[in-house]
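Working notes for the structure below.
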Number of protein chains: 2
Amino acid sequence: MITSTEEDYIKAIFNISQRGKKELVGTNQIASQMSTSAASVTDMLRKLDKKEMIIYEKYKGVKLSPLGTIKAMTLLRKHRLWESFLVEKLGFAWDEVHDIAEQMEHIQSTELVNRLDKYLGYPKFDPHGDPIPDAQGTITIRNQVSLSSLQTGDKGMVVGVKKHDKDFLNHLNQVGINIGTELEIILKYDYDQSIKLNINNSNEALLTAAVCENIFLKKFS
Amino acid sequence: MITSTEEDYIKAIFNISQRGKKELVGTNQIASQMSTSAASVTDMLRKLDKKEMIIYEKYKGVKLSPLGTIKAMTLLRKHRLWESFLVEKLGFAWDEVHDIAEQMEHIQSTELVNRLDKYLGYPKFDPHGDPIPDAQGTITIRNQVSLSSLQTGDKGMVVGVKKHDKDFLNHLNQVGINIGTELEIILKYDYDQSIKLNINNSNEALLTAAVCENIFLKKFS
DNA sequence: AATTATATTTAGATTTGTCTAAAAATAAAG
DNA sequence: CTTTATTTTTAGACAAATCTAAATATAATT
Ligand SMILES: [Mn+2]
Ligand SMILES: [Mn+2]
Ligand SMILES: [Mn+2]
Ligand SMILES: [Mn+2]
């Protein structure tokens, strides 16, 4: 038996270790990710260690055990399948689904998840371009580059975003960027690395370096 | 803010007051329905009373307040819509969906429920024949009779069941009864009120009085 | 190497939901 | 109208998840 609070900690540890380079995750990192106190994190780490979901050494840090990694994959699978359902079947926008999926990922029923997967046609990526682990927990890796790494004249198609918060996604909506959108870099300014680009061969837009950093593309040619 | 435990108590109180004749629900009734102790129930009743979800008088009993009744309707709506989704879209059988819906009914998002309702085509009844409250909380009443009340020669169509547990529904599956099944009473035995009947103009079956008690029909002519 | 700063853990409390055992209130019987 | 039985509430305790404030360990600076 695992509680949904424990599940959220597992997810947080996985997410932090994905985006950082270091193998071990720190107490404060988890605390800030979960918007809770460091003391609460320490308590929970002890508990998850006893349940053998993580490998934890006092003062040094923490990483997921094999068991914890499987659990994290299951959670990502559920979260991303529900997000896909909300967008594909119920017509939600990609910036409206995260908080709901955050709840639905905790529903306990493997049969439900597998049937949902089938119903959606076994999608490989969620509405934010994140890969969906299959029933065995394996994920499809896609070769993608950050928009920041492209130069003047380069072209590509948007395949994912790094941040998932409403404000960021809403901004992309406003400038007309979504998964599948085609971009051509008209000019990359040396001064501040901001990028002027052409969207779907029609509109033009200017993105700051901070925004470009969080957009993933499949580069053409 | 209401917790999902509180929501389950609200539902229990509503369900008990529906099936019983008395207006006030007792502590022990709730305890047995929720498989918990009477002491826990008393604690929760105090809390729900302070939140104005129920009207509670020590030693006398409890009933839902207007606020609590709205809450109960919302919960029934969510539970039954999710059950419909699981059966209609994901292909679950009617005896497999209750426990999953018991979890999904607690997802917090009115937008989600209303979109789900639309996606399902605004169904009026769930897979067990129970009415689904609309967004305003009003439910369609259907004129139905218990199979026990029918006599030799009567005909009707199954429109609902009183019990929702797996064992009971599985038994109905075995004898070939589901929502929509047409029944004709061949013979009602005076000795123990058991009923021999014809199912969909093909098979024959014998049901005990206890089983007949829990099947609702729309009587023909 | 000693001092300062940061990160992490402990100590002690709180809230929520639960329990058992005992006390009190109400209902049922004699 | 007492006595017995049932129902309900209280008392006291516990596990889970959280908090603040204080102590301790590790890292960074002089
Ligand atoms: Mn979550
Ligand atoms: Mn996503
Ligand atoms: Mn429930
Ligand atoms: Mn139902």
Side-chain angles (χ1 to χ4, degrees), chain A residues 1-13 15-17 19-64 68 71 75 102-103 105-106 108, chain B residues 1-13 15-17 19-64 68 71 75 102-103 105-106 108:
Chain A
M1 260 291 77
I2 188 165
T3 73
S4 59
T5 312
E6 289 168 349
E7 289 187 332
D8 283 335
Y9 274 95
I10 299 276
K11 260 186 44 181
I13 294 167
N15 286 333
I16 296 166
S17 69
R19 64 163 174 266
K21 56 228 120 226
K22 289 202 289 279
E23 204 201 355
L24 292 181
V25 173
T27 303
N28 269 351
Q29 287 179 287
I30 301 168
S32 111
Q33 168 94 354
M34 307 260 313
S35 314
T36 189
S37 73
S40 302
V41 174
T42 303
D43 289 345
M44 183 55 85
L45 292 183
R46 234 193 297 274
K47 208 168 76 160
L48 289 174
D49 186 69
K50 186 147 48 183
K51 290 197 178 185
E52 299 194 304
M53 305 294 287
I54 61 173
I55 289 113
Y56 168 53
E57 280 191 85
K58 266 172 71 164
Y59 290 105
K60 292 191 66 179
V62 75
K63 67 175 179 182
L64 292 181
K71 187 75 218 183
L75 285 166
E102 202 60 43
Q103 299 178 64
E105 71 192 358
H106 301 293
Q108 302 291 356
Chain B
M1 260 290 79
I2 188 165
T3 74
S4 61
T5 312
E6 288 168 350
E7 288 187 333
D8 283 335
Y9 274 95
I10 299 276
K11 260 185 43 180
I13 294 166
N15 286 333
I16 296 165
S17 69
R19 66 164 173 266
K21 56 227 123 234
K22 288 202 290 279
E23 203 201 355
L24 291 182
V25 172
T27 303
N28 268 351
Q29 285 179 288
I30 301 169
S32 113
Q33 168 94 355
M34 308 260 313
S35 311
T36 189
S37 73
S40 302
V41 175
T42 303
D43 289 344
M44 182 56 84
L45 292 183
R46 234 192 297 275
K47 207 168 76 161
L48 289 174
D49 185 70
K50 186 147 47 184
K51 291 197 179 185
E52 299 193 303
M53 305 295 287
I54 61 172
I55 289 113
Y56 169 54
E57 279 191 85
K58 268 171 69 163
Y59 290 106
K60 292 191 69 179
V62 74
K63 68 176 178 183
L64 292 180
K71 187 76 219 183
L75 285 166
E102 203 59 44
Q103 299 178 64
E105 71 192 359
H106 300 293
Q108 301 291 356

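The interatomic distance linking B:Leu48 (CG) with C:dT16 (P) rounds to 12 Å, in whole Å. When the C1' atom of C:dT15 is taken as reference, atom NZ of B:Lys50 falls 12 Å away, rounded to whole Å. In this entry the distance linking CD of A:Glu57 with C1' of C:dA7 reads 16 Å, nearest Å. Atom pair A:Ile30:CD1 and C:dA7:P shows a separation of 14 Å (rounding to whole Å applied). Straight-line distance from the NZ atom of B:Lys22 to the P atom of C:dA27: 11 Å, rounded to whole Å. In this structure, CG of A:Leu45 is placed 14 Å from C1' of C:dT10, rounded to the nearest angstrom. Atom pair B:Gln29:CD and D:dT8:C1' shows a separation of 13 Å (rounding to whole Å applied). Distance A:Asp8 CG to D:dA16 C1': 15 Å, rounded to the nearest Å.
Taking CG of B:Asp8 as the reference point, atom NE2 of B:His106 lies at 3.5 Å (rounded to 0.5 Å). Put simply, CD1 on B:Ile2 and CG on B:Leu48 are 6.5 Å apart, with the number rounded to the nearest 0.5 Å.
In this view, B:Glu102 and B:Lys11 satisfy the salt bridge (charged side-chain N to carboxylate O under 4.0 Å, His left out) rule, not counting sequence neighbours.
Within the 4.0 Å cut-off from OP1 or OP2 of D:dT8, not a single side-chain nitrogen or oxygen of B:Lys60 is found. For D:dT9, one of the phosphate oxygens OP1 or OP2 lies less than 4.0 angstrom from a side-chain nitrogen or oxygen of B:Thr27. The phosphate of D:dT9 has neither OP1 nor OP2 within less than 4.0 Å of any side-chain N or O from B:Arg46. Contact between the side-chain N/O atoms of B:Asn28 and the OP1/OP2 oxygens of D:dT6 is not found at any separation under 4.0 Å.
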Distance-only criterion, 3.5 Å: show the donor-acceptor pairs between side-chain atoms of residues 21-31 of chain A and protein atoms not counting sequence neighbours.
| residue | atom | partner | partner atom | Å |
| --- | --- | --- | --- | --- |
| A:Glu23 | OE2 | A:Lys63 | NZ | 3.2 |
| A:Gln29 | OE1 | A:Gly26 | N | 2.8 |

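Between B:Ile54 and B:Leu45, the closest heavy-atom pair is CD1-O, 3.4 Å.
Side-chain contact between A:Thr36 and A:Tyr9 is present, with at least one heavy-atom pair separated by less than 4.5 Å. Side-chain contact between A:Met53 and A:Glu6: absent, with no pair of heavy atoms (C-beta onward) separated by less than 4.5 Å.
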### Task
Produce a footprint string for nucleotides 18-24 of chain C: one letter per nucleotide, 5' end first; B if the base is under 4.0 Å from any protein heavy atom, S if only the sugar-phosphate is, - if neither.
BBB----

